Amino acid sequence: MLNPKLPLKSKIHLSSPHMSGNEMKYIEEAFQSNWIAPVGPNIDAFEREIESYIGDGHAVAVSSGTAAIHLALLLLDVKRGDTVFCSTLTFVASANPVLYQGAEPIFIDSEPETWNMSPKALKNALEDANASGKLPKAVIVVHLYGQMANIEEIINLCAEFNVPIIEDSAESLGTFYKGISSGTFGDFGIFSFNGNKIITASSGGMLICKDKNQADRALFLATQAKDPALHYQHSSLGFNYRMSNIIAGIGRSQLEVLESRVLARRCNFEKYKKALASLPGIQFMPEIEYSRPNRWLTTFTINEKESGISPTSLMKFMLEENIEVRPVWKPLHLQPLFQGCTYYPHQEGGSVSEQLFFAGICLPSGSNMSMEDILKVINLIKYTIYNHKRNDDHIVL
Ligand SMILES: *Cc1c(COP(=O)(O)O)cnc(C)c1O
C-alpha cells in the first residue's frame, strides 16, 4: 500500500469555522446603523429565523450555549438542595450550570443503540428518586455529535414522573427526528454557535422555550433583570447573557447555509463509512431510525483485539501526521470535578459510556474539508491498521 506519510500542507482540523461569505454584509449593516450592542435588528431577526428553521418554540439569543442551559435551570427554579439528571457522555458544559446553581447533578449512562442517554438507566434513576420522595428538577439530555437520543422513550418516562426536559442540542442544530427538529421536544432546548459547531457566529447560543412567558422571563434574566422603571430598579438576580448584534449578524448569514453544511457533514460520514466500516473492529456511531442526524462529528469505536491496534495508538499516529482526532468525551461521572456524584449505569456492572470513551475516536468532520483531506485521513487509518496487523503477525510467528 502507498505510504500516505507525505509532507502535509496544513493541519486537518476536527471541525473548523466555515464562513458563508455573506457575514460581512450583516456586520457592515450593523456598523452603518451603529447597532454595536447587545441589542439590535440582527438579534431579533436571528431569533425569528431560528424559530422558523426549527419550526416550533420561542427563541432567545444569548452569549453561549452554556448560558442558555443556565437560564433554563433558572426558569425551572433549580437551586441548592435540588438534583438534576444529566447525560454523562457529553461535554462538561452540559452539567456545569447545575453546579452554578449549587444543585447536584446525577449522571445517567449511555445506551449502545444511540450512545445517548439510556432510557433504562433513566428509568432506574427516576424510580429511585420517586421512592425516596425527591424527583429531579430537570433532566438534561444531550444529542451527542448531532445524533438523536431516544427522545420518545425519554419523554414518556419524564412525563410519567412529571419531570421537565432540557435538550442540550448544542451539537445537533439541523438534526431532525420524524421531521421534528432537535431542541423542540423538551420544555427547553439549547443551541450553540461556538467556533467548532456546525454553524458558528464565533460564539453565542440560543434558548428555545415552549412557553412564550418563559422566553420573556429568560430575556429579562439575560439582560440584568431590570424592573420596568426609569431608574435602575432590581428585584431579581440577573445576568449579562444577551447576544451581541454583530454576532447575531454572523449567525444569520451562517443559518442561510446550514442545510448545505449538514449535507456536507453527512457526505463526509458516508465517505468514511464506505471506506472504513469493513475494516476489522471498527464500528461507527449508530443512528436512531426515522432521524436525519447532522453528523456534526463522524465517530467510531475501534476494538483492539479485532483491529490489532489500540485507539490511543491510532490517535497518536494521526496526530503525528497533523490530523486532529479526539477521543470520545470523557464521561462526566469520571471527571474529578464531579467526584462523588451519583451515577446510573445502563446495566449492573456494564457502563456503556466508559466503554465508548475507551474505544471511541472522533474524526475530522468539517464541512469545509476537501476530498483530498478525507482521503488522506482514510488512507492513514488504513495504512496504520494494516501495518500494525502485519507487525503483530510477525511477532506471533
Ligand atoms: C459546545 C457545547 C456546549 C456549550 O456551548 P457553548 O456555546 O460553547 O457554551 C454545551 N453542550 C454541548 C454538548 C456542547 O458540545
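Just the heavy atoms: all of them, side chains too, but no hydrogens, waters or symmetry mates, feed the values below. Worth saying up front: this structure is predicted, and the values here are computed from it rather than measured.
- The two residues W329 and F357 make their nearest non-hydrogen contact at O-CD1, 3.7 Å.
- A 4.5 Å side-chain heavy-atom check between V352 and P112 finds at least one atom pair inside the cut-off.
- Counting non-hydrogen atoms of neighbouring residues, nucleotides and ligands closer than 6.0 angstrom, the OH atom of Y53 exceeds 12 such neighbours.
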Worksheet entry | Intermediate values then yes/no, salt bridge (charged side-chain N to carboxylate O under 4.0 Å, His left out), E259 and R261 | CA-CA 5 Å; E259 273 302 304; R261 301 300 187 245; over 6 Å; no

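- Crowding of E29 atom CD: a count of heavy atoms from other residues, nucleotides or ligands under 6.0 Å exceeding 12.
- Across every non-hydrogen atom of L363 and V377, the tightest pair is CD2-CG1, 4.2 Å.
- Of all non-hydrogen atoms in F107 and L332, the two that sit nearest each other are CE2-CB, 3.6 Å.
- I69 and L76 end up in the same hydrophobic cluster when Ile, Leu, Val, Met, Phe, Trp and Tyr side chains are linked at under 4.5 Å.
- With hydrogens and angles left out, the side-chain atoms of D109 and Y343 include a donor and acceptor closer than 3.5 Å.
- I385 places a side-chain heavy atom less than 4.5 Å from the side chain of L279.
- For the residue pair H58 and E47, no side-chain donor N or O sits within less than 3.5 Å of a side-chain acceptor on the partner.
- Under the 4.5 Å side-chain contact rule for hydrophobic residues, I166 and L135 do not share a cluster.
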Discussion item. Using the rule given for side-chain contact (heavy atoms from CB on, under 4.5 Å), can you reason through N368 versus S16, listing the C-alpha separation, both sets of side-chain angles and the distance that settles it, and then say yes or no?
Written reply: CA-CA 8 Å; N368 48 4; S16 68; 3.2 Å; yes

Discussion item. Apply side-chain contact (heavy atoms from CB on, under 4.5 Å) to residues Q233 and K226 and explain how you reach the verdict.
Written reply: CA-CA 6 Å; Q233 170 88 10; K226 297 186 200 88; over 6 Å; no

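- Between Y145 and P327, the closest heavy-atom pair is OH-O, 4.4 Å.
- By the neighbour-count criterion of 12 heavy atoms within 6.0 Å, atom CZ of R48 is densely surrounded, having more than that number from other residues, nucleotides or ligands.
- Here the side chain of T200 pairs no donor or acceptor atom with the backbone of K197 at under 3.5 angstrom.
- Looking only at atom types and distance, the side chain of E49 has no donor-acceptor partner in the side chain of S52 under 3.5 Å away.
- Closest non-hydrogen pair, V62 versus A222, comes out as CG1-CB, 4.3 Å.
- The shortest side-chain heavy-atom distance between F284 and K273 falls under the 4.5 Å cut-off.
- The side-chain heavy atoms of M148 and E287, taken from C-beta on, include no pair separated by under 4.5 Å.
- Remark: the backbone N or O of T342 is not paired with any side-chain donor or acceptor of H333 at under 3.5 angstrom.
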Discussion item. What verdict does the side-chain contact (heavy atoms from CB on, under 4.5 Å) test give for V39 and R242, after you've listed the backbone C-alpha separation in whole Å, the side-chain angles of each residue and the deciding distance to 0.1 Å?
Written reply: CA-CA 8 Å; V39 54; R242 192 60 161 155; over 6 Å; no

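- Side-chain atoms of Q224 and Y232, non-hydrogen and from C-beta on, never get closer than 4.5 Å to each other.
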Worksheet item: Yes or no on salt bridge (charged side-chain N to carboxylate O under 4.0 Å, His left out) for D77 and K79, after CA distance, side-chain angles and deciding distance?
Response: CA-CA 6 Å; D77 193 31; K79 51 187 184 305; 3.3 Å; yes

Fill in: Chi angles and distances behind the side-chain contact (heavy atoms from CB on, under 4.5 Å) call for T223, N240
CA-CA 5 Å; T223 50; N240 183 6; over 6 Å; no

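- Remark: the E256 side chain and the N22 side chain contain an N/O donor-acceptor pair separated by less than 3.5 Å.
- Between the side chain of T90 and the backbone N or O of T88 there is no donor-acceptor pair closer than 3.5 Å.
- In this structure, R265 contributes its side chain and W296 its backbone to a donor-acceptor pair below 3.5 Å.
- Rounding to the nearest 0.5 Å places CD of E348 at 8.5 Å from CG of N124.
- When only modelled atom types and interatomic distance are considered, S20 and E23 share a side-chain donor-acceptor pair under 3.5 Å.
- Side-chain atoms of V84 and I106, non-hydrogen and from C-beta on, never get closer than 4.5 Å to each other.
- Going from atom OG of S291 over to atom CG of N150 covers 10.5 Å, rounded to the nearest 0.5 Å.
- Rounding to the nearest 0.5 angstrom, the gap separating the CD atom in E354 from the NE2 atom in H346 is 13.5 Å.
- Residue-environment remark: NZ (K123) stays at or below the threshold of 12 foreign heavy atoms within 6.0 Å.
- A donor-acceptor contact closer than 3.5 angstrom links the side chains of D168 and S94.
- When the side chains of ILVMFWY residues are joined at heavy-atom separations under 4.5 Å, either directly or via intervening members, L71 and I43 end up in two distinct hydrophobic clusters.
- Panel note: side chain H143, backbone A149; a donor-acceptor pair is recorded below 3.5 Å.
- For E320 and K316, the salt-bridge test passes: some basic side-chain N is under 4.0 Å from an acidic carboxylate O.
- Look at D82 and K137 and you find a salt bridge, because one of the NZ, NE, NH1 or NH2 atoms lies within 4.0 Å of a carboxylate O, short of that distance.
- Side-chain contact between F338 and P105: present, with at least one pair of heavy atoms (C-beta onward) separated by less than 4.5 Å.
- S15 contributes a side-chain N or O that, together with a main-chain N or O of N196, makes up a donor-acceptor pair within less than 3.5 Å.
- Distance check, rounded to the nearest 0.5 Å: OG1 of T298 to CG of L14 gives 10.0 Å.
- A donor-acceptor pair is defined here as one N or O able to donate and one able to accept, closer than 3.5 Å; no such pair exists between the side chain of R295 and the backbone of E270.
- Of all non-hydrogen atoms in A59 and I50, the two that sit nearest each other are CB-CG2, 4.4 Å.
- If you take CD1 on I302 and CE on M315, they are separated by 9.5 Å, rounding to the nearest 0.5 Å.
- With rounding to the nearest 0.5 Å, the separation of CG in N213 from CG in D211 is 5.0 Å.
- Of the possible polar contacts, none joining the S172 side chain to the T175 backbone as a donor-acceptor pair under 3.5 Å is found.
- Residues N42 and W35 have side chains not in contact (no heavy-atom distance under 4.5 Å, counting atoms from C-beta outward).
- In this structure, the side chain of S310 engages the main chain of S313 through a donor-acceptor pair within 3.5 Å.
- Relative to the six-membered ring of F46, R252 misses at least one condition, a distance below 6.0 Å or an angle of at most 45° to the axis.
- By the criterion of side-chain heavy atoms lying less than 4.5 angstrom apart, applied directly or through intervening Ile, Leu, Val, Met, Phe, Trp or Tyr residues, F161 is grouped together with V139 in one hydrophobic cluster.
- The main-chain N or O of G366 is found under 3.5 Å from a side-chain atom of N268 such that the two form a donor-acceptor pair.
- Under the 4.5 Å side-chain heavy-atom criterion for Ile, Leu, Val, Met, Phe, Trp and Tyr, M117 and V142 are members of distinct hydrophobic clusters.
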